[in-house]
**Q** 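A single structure is presented below for examination.
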Amino acid sequence: MLSSIIFIVILIAGIILFTRNVRKIIRNIKLGKPMPPADRKKERWLQMAQVALGQSKLVKRPVAGILHIFVYAGFIIINIEVLEILIDGIFGTHRVFAPLGGLYNFLIGSFEILALLVLVGCLIFLIRRNILRIRRFHQREMTSWPRSDANIILITEIILMSLFLVMNAADSILQHRGFSHYIQAGSFPVSSMIADMFNGLSNSSLVTIERICWWLHITGILIFLNYLPYSKHFHILISFPNTWYADLGPKGRFTNPEQVTHEVKLMLDPSAEPPENTGTPQRFGAKDVFDLSEKHLMDAYSCTECGRCTSVCPANVTGKLLSPRKIMMDTRDRLEEVGKNIDSNGQFKDDGKTLLYNYIKPEEVWACTTCNACVEACPVLINPLSIILEMRRYLVMEESAAPNELNGMFSRIENNGAPWQFPQADRLKWADEDYKNFNYEG
Amino acid sequence: MKVKTYPDFIAEGSNPDILFWVGCASSFDERAQKVTRAVAFLLEKAGVTFAVLGTEESCNGDPAKRAGNEFLYQLQAMSNIQVMNGYGVKKIVTACPHCFNTLKNEYPDMGGKYEVLHHSMLIQQLLNEGKLKVEGGKFLGKKIVYHDPCYLGRGNNVYEAPRDIIKALDANLSEMQRNRENGFCCGAGGAQIFKESEKGDKEINIERTEEALGAKPDYIAVSCPFCILMLTDGVKHFSKEKEVKVVDVAELLAASLKQ
């Protein structure tokens with residue numbers, strides 16, 4: 001009875017805290033410019049099913065991809081076990097699903113195998129990060145917190161899975177001895193391998209071990225749940241909406257901001273209707289998180305810092321400052337900073353900082369070739385290129401701060417309709433030579 | 001050699017099959033002009049009547065847009081669309097993936113709705129329809145490595161058309177490790193070709209050329225005038241210009257046609 005009350009209190013506290021933090025994230029995302037109403041919904045559900053649920057992009061790198069599927073499948077499926085734990089905790093029952101009989105045995109057996117796979121997967125991930133020191137996990141933006149964050153997540157998952165297996169080991173021995181309410185239920189293909197370690201213990205010790213593991217497992221899950229909003233691990237939730245809302249392509253297509261179209265129309269035809277006054281004039285491009293779209297900000301919360309984008313970025317590969325992953329991490333860090341500012345001041349109070357300049361340098365923004373390699377590489381359809389473009393727009397249209405050579409290119413397009421200094425009258429020079437009798441010189 | 005403009009067709013009272021949108025690099029750069037002639041030659045051979053805009057063609061706006069100058073881009077787009085809509089243009093072939101991408105994907109929002117093809121796509125169609133016939137031999141046994149231009153490949157998922165053209169020759173098509181959706185940029189896009197690159201330890205075109213040369217090819221084939229410029233520079237950097245030629249798929253095919 002008392003344990004049920006304690007359990008319910010912990011559970012409710014965990015859920016309330018989590019909800020509060022998620023609401024803060026949603027509020028932060030909504031600081032961005034609203035997304036247009038979603039179109040082509042059928043394709044979006046399909047995209048989400050393939051990319052988030054089906055992990056189609058992850059397996060492009062088979063080792064990491066398959067290990068990730070172990071951890072992901074384990075994580076999702078073992079949640080059925082958590083459902084049983086919740087019911088047991090609330091009503092003081094023990095293995096409430098046991099009457100399912102053969103199905104129950106099958107379920108518990110598969111959870112154990114999955115738990116082992118998760119455990120092994122996380123161990124290999126730890127080795128890849130800390131012993132093999134794979135390059136993309138140790139680049140410039142992977143400072144102390146991002147690296148610790150990754151290790152905390154992996155170690156926590158290993159602990160949670162170990163608790164589950166030890167709990168089952170103790171439980172199965174008690175079942176075998178027919179002790180108290182420990183009814184025969186479940187099959188234990190993995191924990192039976194460690195059960196020998198506990199065989200010599202008394203019934204009461206085993207019960208203590210089983211109970212400690214049970215409590216640590218469920219409180220661990222609740223603590224982990226509340227760690228998510230502070231961590232890159234939040235991707236396990238937000239990747240789903242993020243892949244749903246992601247651009248359906250083609251990737252080469254960039255947005256045509258309507259705000260500019262209105263101005264251009266006015267320039268070309270002064271008698272054109274000015275757009276309706278929508279209050280504060282909007283900035284061209286993006287200087288801070290408020291200028292980005294909700295999707296950009298959702299992207300930032302979806303990034304789990306795997307670095308696949310940066311590892312294929314031609315600018316980064318050739319030693320430039322630009323790293324698409326850093327663009328995403330900076331966007332999230334700045335957004336979190338703005339969120340805290342709002343929490344303490346009621347509304348945003350100018351802190352003299354902006355995403356561009358204080359976090360991202362123009363040098364990074366100008367190094368991009370807009371090749372879309374980062375967009376293609378992202379397993380959860382984040383688009384760092386779109387944020388880079390918005391910052392270029394800000395730099396050019398608000399501050400006229402393009403590199404000088406680009407200003408030259410702009411004025412040549414304006415003056416002679418080409419990015420190079422050639423007169424428009426020479427547009428047909430290529431046909432001065434006889435193209436009808438093409439002569440290959442290769 | 002007179003190439004016909006839209007007004008020429010109107011004066012004749014006829015309509016071209018297609019508008020050949022040449023593009024800036026393909027109009028002005030001496031190396032790229034050769035590709036332009038190859039494309040025009042292939043269209044002629046296949047009996048496709050095409051018009052050009054000539055002096056009425058202006059930059060499509062891609063470098064301005066990708067450099068953040070949306071104003072300039074939209075001004076370019078609007079005036080180009082005005083010209084093309086004025087002539088009743090329906091179908092366009094471009095000799096450059098950047099023009100192709102902008103016209104196909106970004107002009108519709110601005111009121112320019114056309115069927116747009118990159119030259120590799122149109123040539124692939126003409127080969128399939130038997131309107132272009134290859135006479136084998138010219139590239140027999142030659143090793144050709146294909147480099148995917150970003151705005152044709154990843155940008156628009158056109159991976160096979162240029163490869164099909166190479167396959168139609170008697171050559172060996174070989175791939176770099178980073179190909180198709182994993183293709184590595186030549187370094188020109190996003191207006192980079194118009195500026196010095198940021199501080200780093202290598203130029204992007206050198207990185208890519210190194211990879212291409214690693215395949216020990218006779219030819220590095222591309223389908224973008226900017227890639228040609230960047231990779232040609234790369235090949236010169238490694239002093240391989242005698243052994244390895246950087247060519248457009250249209251040139252390869254134009255050199256192999258049945259006369």
Side-chain angles (χ1 to χ4, degrees), chain A residues 250-254 256-257 260-261 263-264 267-268 284-285 312 314-315 317-322 363 366-373 376 389 392-393 395-397 402-403 405-406 409-410 413-414 417-420 422 424-436 438 440-442, chain B residues 1 3 24 26-28 33-34 36-38 40-41 44 52 54-55 57-59 63-72 74-76 78 101 105-106 109-110 150-151 154-157 181 184-185 187 189-192 194-204 207 245 247 251 254-255:
Chain A
K251 291 189 185 67
R253 180 185 182 279
F254 290 6
N256 281 326
V260 176
T261 313
E263 302 258 344
V264 170
M267 281 161 75
L268 292 176
F284 293 117
V312 296
V317 168
T318 55
K320 277 82 175 180
L321 213 49
L322 172 64
E363 181 186 340
W366 290 117
C368 174
T369 68
T370 70
C371 77
N372 262 309
E376 174 67 37
L389 181 73
R392 285 187 175 184
R393 284 174 175 167
L395 285 166
V396 171
M397 293 191 285
E405 305 112 297
L406 291 188
M409 179 264 286
F410 295 151
I413 293 179
E414 277 172 48
W420 287 293
F422 291 103
Q424 198 149 2
D426 287 354
R427 281 249 169 208
L428 280 178
K429 280 236 159 154
W430 62 270
D432 286 353
E433 271 183 54
D434 181 5
Y435 68 87
K436 289 186 183 175
F438 177 76
Y440 180 68
E441 304 162 23
Chain B
M1 186 57 51
V3 54
C24 299
S26 312
S27 297
F28 297 121
Q33 283 177 346
K34 293 179 186 168
T36 313
R37 287 193 284 273
F41 169 74
E44 284 278 337
V52 295
T55 54
E57 187 183 295
S58 185
C59 173
K65 188 178 180 84
R66 266 106 198 127
N69 196 338
E70 187 66 23
F71 272 104
L72 180 54
Q74 293 204 5
L75 278 168
Q76 289 297 117
M78 278 186 202
N101 175 68
N105 297 321
E106 290 161 358
D109 280 357
M110 312 288 299
C150 302
Y151 276 84
R154 264 191 304 272
N156 287 288
N157 299 314
E181 65 270 24
F184 193 81
C185 179
Q192 292 297 340
F194 302 106
K195 63 186 258 301
E196 290 298 314
S197 47
E198 275 60 32
K199 206 170 127 297
D201 41 50
K202 203 175 191 180
E203 291 294 337
I204 294 171
E207 165 88 12
K245 300 276 181 247
V247 291
E251 293 177 290

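On a predicted model such as this, the values are computed, not experimentally measured, just so you know. Just so it is clear: chains get the letters A, B, ... in the order the sequence lines come, proteins before strands, and each one is counted from 1. Because only heavy atoms are used, hydrogens play no part in the values below, and waters and symmetry mates are left out as well, while side chains stay in.
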**Q** Given a strict heavy-atom distance threshold of 4.5 Å, which part of A/I413 is in contact with chain B: side chain, backbone, both, or neither?
**A**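 When you check distances to chain B, atoms from both the backbone and side chain of A/I413 fall under 4.5 Å.
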**Q** Decide if the gap between the ring center of B/F28 and the ring center of A/W430 is smaller than 6.0 angstrom.
**A** no
**Q** Evaluate the criterion side chain to side chain contact (heavy atoms under 4.5 Å, CB included) for residue pair A/V317 and B/F184; output intermediate values, then yes/no.
**A** CA-CA 10 Å; A/V317 168; B/F184 193 81; 4.2 Å; yes
**Q** If you count heavy-atom pairs under 4.5 Å with chain A, which of B/Q33, B/E203, B/R154 comes out on top?
**A** B/R154
**Q** Could you label the plane-to-plane angle of the B/F71 and A/F284 rings as parallel, tilted or perpendicular, counting under 30° as parallel and over 60° as perpendicular?
**A**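 Rings of B/F71 and A/F284: perpendicular, as their planes differ by over 60°.
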**Q** Go through the steps for A/L389 and B/K65 under the test side chain to side chain contact (heavy atoms under 4.5 Å, CB included), then give the verdict.
**A** CA-CA 9 Å; A/L389 181 73; B/K65 188 178 180 84; 5.6 Å; no
**Q** How far apart are the C-alpha atoms of B/E251 and A/Y440, what are their side-chain angles, what is the distance that settles it, and do they pass the side chain to side chain contact (heavy atoms under 4.5 Å, CB included) test?
**A** CA-CA 7 Å; B/E251 293 177 290; A/Y440 180 68; 3.9 Å; yes
**Q** Distance-only, no hydrogens or angles: does the B/E44 side chain make a donor-acceptor pair with backbone N or O of A/K436 under 3.5 Å?
**A**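 No.
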**Q** Within the distance-only criterion (no hydrogens, no angle test), does the side chain of B/Q192 pair as donor or acceptor with the backbone N or O of A/C368 below 3.5 angstrom?
**A**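 Yes.
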**Q** Between B/K195 and A/M409, is there a donor-acceptor pair closer than 3.5 Å when you use the side chain of the first and the backbone of the second?
**A**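 Absent.
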**Q** Please confirm whether the backbone N or O of B/Y151 pairs with a side-chain atom of A/N372, one donor and one acceptor, at under 3.5 Å?
**A** no
**Q** Without swapping roles, check the side chain of A/R392 against the backbone of B/R66 for a donor-acceptor pair under 3.5 Å.
**A** yes
**Q** Indicate yes or no for a side-chain donor-acceptor contact from A/Q424 to the backbone of B/E57 under 3.5 Å, with no hydrogens or angles considered.
**A**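 Yes, the answer is positive, given that a donor and an acceptor are paired below the 3.5 Å cut-off.
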**Q** Donor-acceptor pair, A/E414 side chain versus B/L72 backbone, under 3.5 Å?
**A**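 A pair under 3.5 Å: no.
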**Q** Pair A/D432, B/R37 - check salt bridge (charged side-chain N to carboxylate O under 4.0 Å, His left out), show working.
**A** CA-CA 10 Å; A/D432 286 353; B/R37 287 193 284 273; over 6 Å; no
**Q** Looking at A/F254, is its backbone amide N or carbonyl O close enough to the side chain of B/E106 to form a donor-acceptor pair, meaning the two atoms are under 3.5 Å apart?
**A** yes
**Q** How far apart are the closest heavy atoms of B/E196 and A/E405, and which atoms are they?
**A** N-OE2, 2.7 Å
